[in-house]
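In what follows, a single structure is set out as structure tokens and then discussed.
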Amino acid sequence: MNMNNNMKLLITGGAVVIAVFVGGWYLGTHSTDQVVTVEQENSIATDSEPTEDSVPVPSEEIASEEVRDAALSEDTATTPAKTAPTTPAPVTKTITYTPPVTTTTPKPKLALVTYDGRGFSPKKLTILKGDTVRFLNISSDGMWVVTNIHPTHKSYPVKTTKSCSGTIFDMCKEVQNGQYWDFTFDREGTFGYHNEIKPVMDGSIEVNLVGEKPATGGDY
């Protein structure tokens, strides 16, 4: 029994010695490598950490710095003096006033011709186209006004279906004292007329265009 215990102790002691020896050998051979590795890692870590000099500056910050530098250089530069703009002399315009030309069309008028048994008055009358002549009988005889020439009555060459002779310038009947007949002249020219009851009693009407010689005589 004692022998077996001693053998176990020897074996255990030998194992311990061997383990110590092997551990010491291992530590001796690998301690230097471990230190170097740690230093290398520190060096790598130091090299990989960004510094103020090694940190890349964004392009926007670079552009901002360039703009700032340019602004600073402009501020420090000498600014040329601004000259006041020259005000041109006012242009004087000559305005010529031309009054508008107004044309007025005379209103149609009513002219009066009387018949007193001895003739018509006025015997010659001048009017404008569109005017009306009133033939008034102030005699004790009958009056029938009609255009010349007796008996064809064609001096005023306008005829309608209601005309009783060769023209509309025809009373178509006889009127007595105090009665009258109105006729509007719608064409220019000189037109003779007479009393159909007494053809020797005659007169004439001159009709002008508007703007020509105005009506004269026989105003009513």
Side-chain angles (χ1 to χ4, degrees), residues 81-220:
K82 296 183 180 179
T83 57
T86 304
T87 302
V91 179
T92 303
K93 294 182 179 180
T94 302
I95 301 176
T96 303
Y97 174 74
T98 303
V101 178
T102 57
T103 56
T104 56
T105 302
K107 295 181 179 180
K109 64 181 296 185
L110 179 66
L112 178 65
V113 174
T114 59
Y115 177 72
D116 60 3
R118 293 171 295 178
F120 292 95
S121 180
K123 189 171 184 177
K124 294 182 179 181
L125 175 67
T126 302
I127 63 173
L128 294 178
K129 182 179 178 181
D131 289 346
T132 300
V133 177
R134 173 168 292 180
F135 297 92
L136 174 63
N137 186 5
I138 59 173
S139 72
S140 56
D141 300 332
M143 182 188 74
W144 181 336
V145 177
V146 61
T147 189
N148 289 344
I149 300 170
H150 183 76
T152 58
H153 308 147
K154 294 181 179 180
S155 177
Y156 194 88
V158 180
K159 182 177 177 64
T160 67
T161 55
K162 296 181 180 180
S163 300
C164 58
S165 61
T167 177
I168 60 173
F169 186 9
D170 188 347
M171 287 179 63
C172 296
K173 65 178 182 178
E174 179 181 353
V175 295
Q176 303 301 318
N177 180 272
Q179 295 179 317
Y180 62 86
W181 177 64
D182 292 342
F183 183 77
T184 300
F185 291 82
D186 59 358
R187 63 168 46 203
E188 66 275 8
T190 301
F191 309 101
Y193 64 92
H194 60 274
N195 184 357
E196 187 69 5
I197 305 300
K198 294 182 178 179
V200 294
M201 304 293 176
D202 60 3
S204 65
I205 306 293
E206 180 183 347
V207 183
N208 292 330
L209 292 174
V210 176
E212 295 183 359
K213 184 178 179 180
T216 58
D219 294 343
Y220 181 71

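Please read these numbers as outputs of a predicted model, since none were measured by experiment. The figures that follow rest on heavy atoms only: side chains count, while hydrogens, waters and symmetry mates do not.
- Taking all atoms of both residues into account, the shortest heavy-atom contact from L209 to L128 is O-CD2, 3.5 Å.
- The minimum heavy-atom distance linking T167 with H153 is given by the pair CG2-O, 3.1 Å.
- Taking the side-chain contact (heavy atoms from CB on, under 4.5 Å) definition, one finds that T184 meets it with T132, sequence neighbours left out.
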Using the side-chain contact (heavy atoms from CB on, under 4.5 Å) rule, take V113 and K123 through it: C-alpha gap first, then chi angles, then the decisive distance, then the call. CA-CA 8 Å; V113 174; K123 189 171 184 177; over 6 Å; no

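- Counting only heavy atoms from C-beta outward, the side chains of V145 and F169 approach each other to under 4.5 Å.
- Proximity of R187 to Y156: side-chain heavy atoms (C-beta onward) are separated by under 4.5 Å at one or more points.
- A heavy-atom distance below 4.5 Å is found between the side chains of E196 and H150.
- Looking at residues two or more places apart in sequence or on another chain, you find a ring pair (Phe, Tyr, Trp, His ring centres under 6.0 Å) between Y193 and F120, F135.
- What you find for G192 and S155 is that their closest heavy atoms are N-OG, 3.7 Å.
- Judged by distance alone, with hydrogens and angles left aside, the side-chain atoms of S121 form no donor-acceptor pair with the main-chain N or O of Y115 at under 3.5 Å.
- Relative ring orientation between F185 and F183 is described as perpendicular, the plane-to-plane angle rising above 60° on a 0-90° scale split at 30° and 60°.
- With hydrogens and angles disregarded, a donor-acceptor distance shorter than 3.5 Å links the side chain of N195 to the backbone of W144.
- With sequence neighbours excluded, no residue satisfies salt bridge (Lys or Arg N to Asp or Glu O under 4.0 Å) with D186.
- For I149, the CD1 atom counts as loosely surrounded, since its 6.0 Å shell holds 12 or fewer non-hydrogen atoms of other residues, nucleotides or ligands.
- Looking at E174 and Q179, their side chains never come closer than 4.5 Å, going by heavy atoms from C-beta outward.
- Of all the heavy atoms in A111 and I127, the pair that sits closest is CB-CG2, 4.2 Å.
- Screening residues 137-157 for salt bridge (charged side-chain N to carboxylate O under 4.0 Å, His left out), with sequence neighbours left out, gives D141-K198.
- Taken from NZ in K173 to CH2 in W181, the straight-line distance is 11.0 Å, to the nearest 0.5 Å.
- Screening residues 110-202 for disulfide (SG to SG under 2.5 Å), with sequence neighbours left out, gives C164-C172.
- Considering every non-hydrogen atom in both T190 and E206, the closest pair reads OG1-CG, 3.7 Å.
- Side chain of D116 to main chain of S139: no donor-acceptor pair is present (N/O by atom type, distance under 3.5 Å, no hydrogens or angles).
- Scored by the side-chain contact (heavy atoms from CB on, under 4.5 Å) test, Y180 finds R134, L136, D182 as partners (sequence neighbours excluded).
- In this structure, I168 and S163 have side chains that are in contact, with non-hydrogen atoms separated by less than 4.5 Å.
- With contacts defined as side-chain heavy-atom distances shorter than 4.5 Å, the pair H194/V146 qualifies.
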